[in-house]
Amino acid sequence: MIGPAFLQAQAQTMSTTSSSAMPPGIERSSFGRLPDGREVDCYRITNDNGIEMRVINYGGIIVSLKTPDRTGRMDDIVLGFDSIGDYLSDTYRQANPYFGALIGRYGNRIANGRFTLDGETYHLPTNDGPNTLHGGDVGFNQRLWHVEPFSSAEGRGLVLTYTSPDGEQGFPGRLSTRVSYTLTDDNELAIDYRARTTRATPVNLTQHSYFNLKGEGSTSVLDHELMINASAYTPIDETLIPTGEIADVSGTPFDFRQPTAIGARMGQKNTQLAYAKGYDHNFVLSKTPGQGDLPTLAARVIEPRSGRVLEVATTEPGLQFYSGNFLDGSLTGKSGRPYTHRSGLALETQHFPDSPNQPNFPSTILKPDKTYHSQTVYRFSTTASENQPHAD
Ligand code: GLA
């Protein structure tokens with residue numbers, strides 16, 4: 001099922017369109033303008049089964065994603081807005097939820113906005129208490145990306161590129177980033193990330209969609225059943241920085257190896273849950289032997305009533321599961337309904353937080369002679385009935 005070998009071939013086989021002519025299954029419209037006058041484009045991409053995704057070039061944000069429930073009813077399952085003004089508003093920026101956006105240069109936190117590389121100490125803007133979150137004050141989520149739509153044998157999608165100048169947000173090296181979103185007729189959204197740098201630099205790219213499989217603007221996701229393919233996680237301190245420990249999940253609320261309702265253990269007295277106000281932790285993914293460099297299953301979410309199932313596979317070693325703890329109803333989404341506490345969940349595939357300061361974590365340093373490459377696949381399906389578990 002998951003493990004699209006096509007991702008390797010994709011770069012060679014896709015045909016892109018840069019003029020106003022769009023490949024079949026892709027439409028472009030205006031999403032408004034940035035304050036400096038630059039136009040924000042919205043791309044609507046559909047597959048043969050009617051799944052529809054809309055993406056804007058600002059932040060590479062997935063603004064909507066419509067998938068069928070078990071009866072065929074389509075609902076939009078990601079949180080977001082339908083005008084650029086909402087993504088630029090003060091309320092949004094203060095809440096800083098990163099709805100649907102591409103995250104870079106460094107997804108997740110870097111402690112005290114500082115790291116040392118090859119004997120030099122680099123300082124980054126701190127935008128999350130004492131720490132740097134998701135690339136600093138102006139991360140990739142707030143950049144205007146260059147977009148090339150394409151249609152290939154594997155599906156339809158977009159290639160997004162952005163070149164981050166040397167020193168941007170304090171990071172060394174000029175970083176050329178290329179991300180592709182492919183919507184396949186197997187109901188997968190395949191994301192391929194590549195980057196090159198001119199100087200050694202930390203890189204950790206991810207996607208920050210919030211899902212609610214009942215449809216965005218619904219009640220909390222505490223009733224969603226979650227499986228995470230991880231027997232360890234990285235515990236955090238009170239500022240959400242890993243302590244460096246790789247802890248066994250056994251006997252803790254972090255054991256999601258068997259599908260468990262997200263809310264089932266949320267109320268337990270647990271220091272880790274208290275620090276994060278819920279789940280906001282990096283899981284150390286178990287890798288399937290023999291899969292080589294292909295994405296392996298990281299998580300599965302089932303929403304019992306609608307029957308919607310979301311599976312996540314990745315080549316990354318970690319997964320940040322965030323249960324929407326900071327959502328408080330102050331933002332109103334596309335449907336006109338407020339995004340209340342825990343009404344969306346994020347599953348961010350990534351390297352571990354604060355890796356540049358954690359010698360025992362897998363390295364996130366990209367050197368000029370290497371290409372950063374990672375792949376993540378989100379797969380959408382349904383269960384046949386409320387009591388029937390998802391069949392692999
Ligand atoms: C990540 C972080 C969370 C939160 C969200 C955005 O998931 O880990 O703590 O900041 O982004 O609100």
Side-chain angles (χ1 to χ4, degrees), residues 25-32 40-87 89 92 95 97-102 141 155-158 181-185 187-191 207-224 262 301-312 322-324 327 329 331-348 378-383:
I26 306 185
E27 287 166 19
R28 186 177 59 197
S29 59
S30 172
F31 204 70
V40 180
D41 295 323
C42 180
Y43 295 84
R44 176 177 174 270
I45 307 166
T46 47
N47 78 355
D48 285 353
N49 308 314
I51 291 187
E52 183 211 271
M53 173 168 98
R54 289 192 307 136
V55 177
I56 56 174
N57 54 349
Y58 177 79
I61 297 174
I62 299 174
V63 297
S64 74
L65 180 60
K66 292 183 182 151
T67 70
D69 71 2
R70 73 159 66 84
T71 68
R73 179 195 145 113
M74 303 298 278
D75 282 302
D76 187 348
I77 61 164
V78 295
L79 276 54
F81 306 114
D82 50 20
S83 90
I84 190 65
D86 291 314
Y87 289 99
S89 74
Y92 184 75
Y98 301 88
F99 286 162
L102 286 176
N141 58 300
R156 299 162 188 146
L158 307 175
Y181 289 146
T182 306
L183 182 62
T184 75
D185 290 329
N187 300 342
E188 293 172 333
L189 165 60
I191 310 179
Q207 221 291 336
H208 210 301
S209 284
Y210 286 63
F211 297 95
N212 186 321
L213 299 183
K214 292 177 281 197
E216 58 82 33
S218 300
T219 49
S220 92
V221 293
L222 295 181
D223 51 2
H224 289 42
I262 289 170
V301 190
I302 301 179
E303 197 287 292
R305 294 225 357 234
S306 67
R308 287 195 182 88
V309 179
L310 166 66
E311 288 170 298
V312 186
Y322 170 56
S323 54
L327 298 174
L331 298 168
T332 298
K334 297 162 271 194
S335 53
R337 290 187 290 265
Y339 290 143
T340 52
H341 195 214
R342 301 195 176 123
S343 62
L345 67 97
L347 295 167
E348 304 154 51
Y378 292 93
R379 181 169 180 260
F380 311 101
S381 61
T382 54
T383 54

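- Distance alone, capped at 3.5 Å, is enough to place a donor-acceptor pair between the E303 side chain and the R305 backbone.
- Contact annotation: the side chain of I51 approaches that of L65 to within less than 4.5 Å [non-hydrogen atoms, C-beta and beyond].
- Residue pairs meeting the salt bridge (Lys or Arg N to Asp or Glu O under 4.0 Å) criterion with at least one member in residues 331-347, sequence neighbours excluded, are D76-K334.
- Here the side chains of Y322 and E348 are in contact, with some heavy-atom distance below 4.5 Å.
- Atom CG in L327 sits 6.5 Å away from atom CG in L79 (nearest 0.5 Å).
- Proximity of a side-chain donor or acceptor of R54 to a complementary backbone N or O of D82 within less than 3.5 Å is not detected.
- A donor-acceptor pair under 3.5 Å is formed between the side chain of Y339 and the backbone N or O of G80.
- Looking only at side-chain heavy atoms (C-beta outward), I56 and I84 come within less than 4.5 Å of each other.
- Side chains of Q207 and Y181: a donor-acceptor N/O pair is present below 3.5 angstrom, by distance only.
- In this structure, N57 contributes its side chain and D41 its backbone to a donor-acceptor pair below 3.5 Å.
- When every heavy atom of G217 is checked against every heavy atom of S335, the shortest pair comes out as CA-OG, 4.2 Å.
- Under the salt bridge (charged side-chain N to carboxylate O under 4.0 Å, His left out) criterion, R308 pairs with D75, sequence neighbours left out.
- With sequence neighbours excluded, the residues forming a ring-ring contact (aromatic ring centres under 6.0 Å, His included) with H208 are Y98, H134, Y210, listed by chain and number.
- Side chain of R70 to backbone of T383: a donor-acceptor contact under 3.5 angstrom is found.
- Judged by distance alone, the side chain of S64 and the main-chain N or O of V78 form no donor-acceptor pair under 3.5 Å.
- With T46 contributing its side chain and G50 its backbone, the two residues share no donor-acceptor pair below 3.5 Å.
- Looking at D185 and N49, their side chains never bring a donor and an acceptor atom within 3.5 Å of each other.
- In this structure, the salt bridge (charged side-chain N to carboxylate O under 4.0 Å, His left out) partners of D48, at least two apart in sequence or on a different chain, are R156.
- Residue pairs meeting the salt bridge (Lys or Arg N to Asp or Glu O under 4.0 Å) criterion with at least one partner in residues 210-223, sequence neighbours excluded, are K214-D223.
- Under the 4.5 Å side-chain criterion, counting only non-hydrogen atoms from C-beta, V309 is not in contact with F380.
- L345 places a side-chain heavy atom less than 4.5 Å from the side chain of I262.
- The backbone N or O of A101 sits nowhere less than 3.5 Å from a side-chain atom of N141 that would complete a donor-acceptor pair.
- Residues N212 and H224 are in side-chain contact: their nearest non-hydrogen atoms beyond the backbone lie under 4.5 Å apart.
- When all heavy atoms of L213 and I77 are compared, the pair lying nearest together is CD2-CD1, 3.9 Å.
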side-chain contact (heavy atoms from CB on, under 4.5 Å) evaluation trace for I45 with L158 | CA-CA 9 Å; I45 307 166; L158 307 175; 3.7 Å; yes

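- Sorted by first and then second residue, the ring-ring contact (aromatic ring centres under 6.0 Å, His included) pairs with a member in residues 61-85 read F81-Y87, F81-Y92, F81-F99; sequence neighbours excluded.
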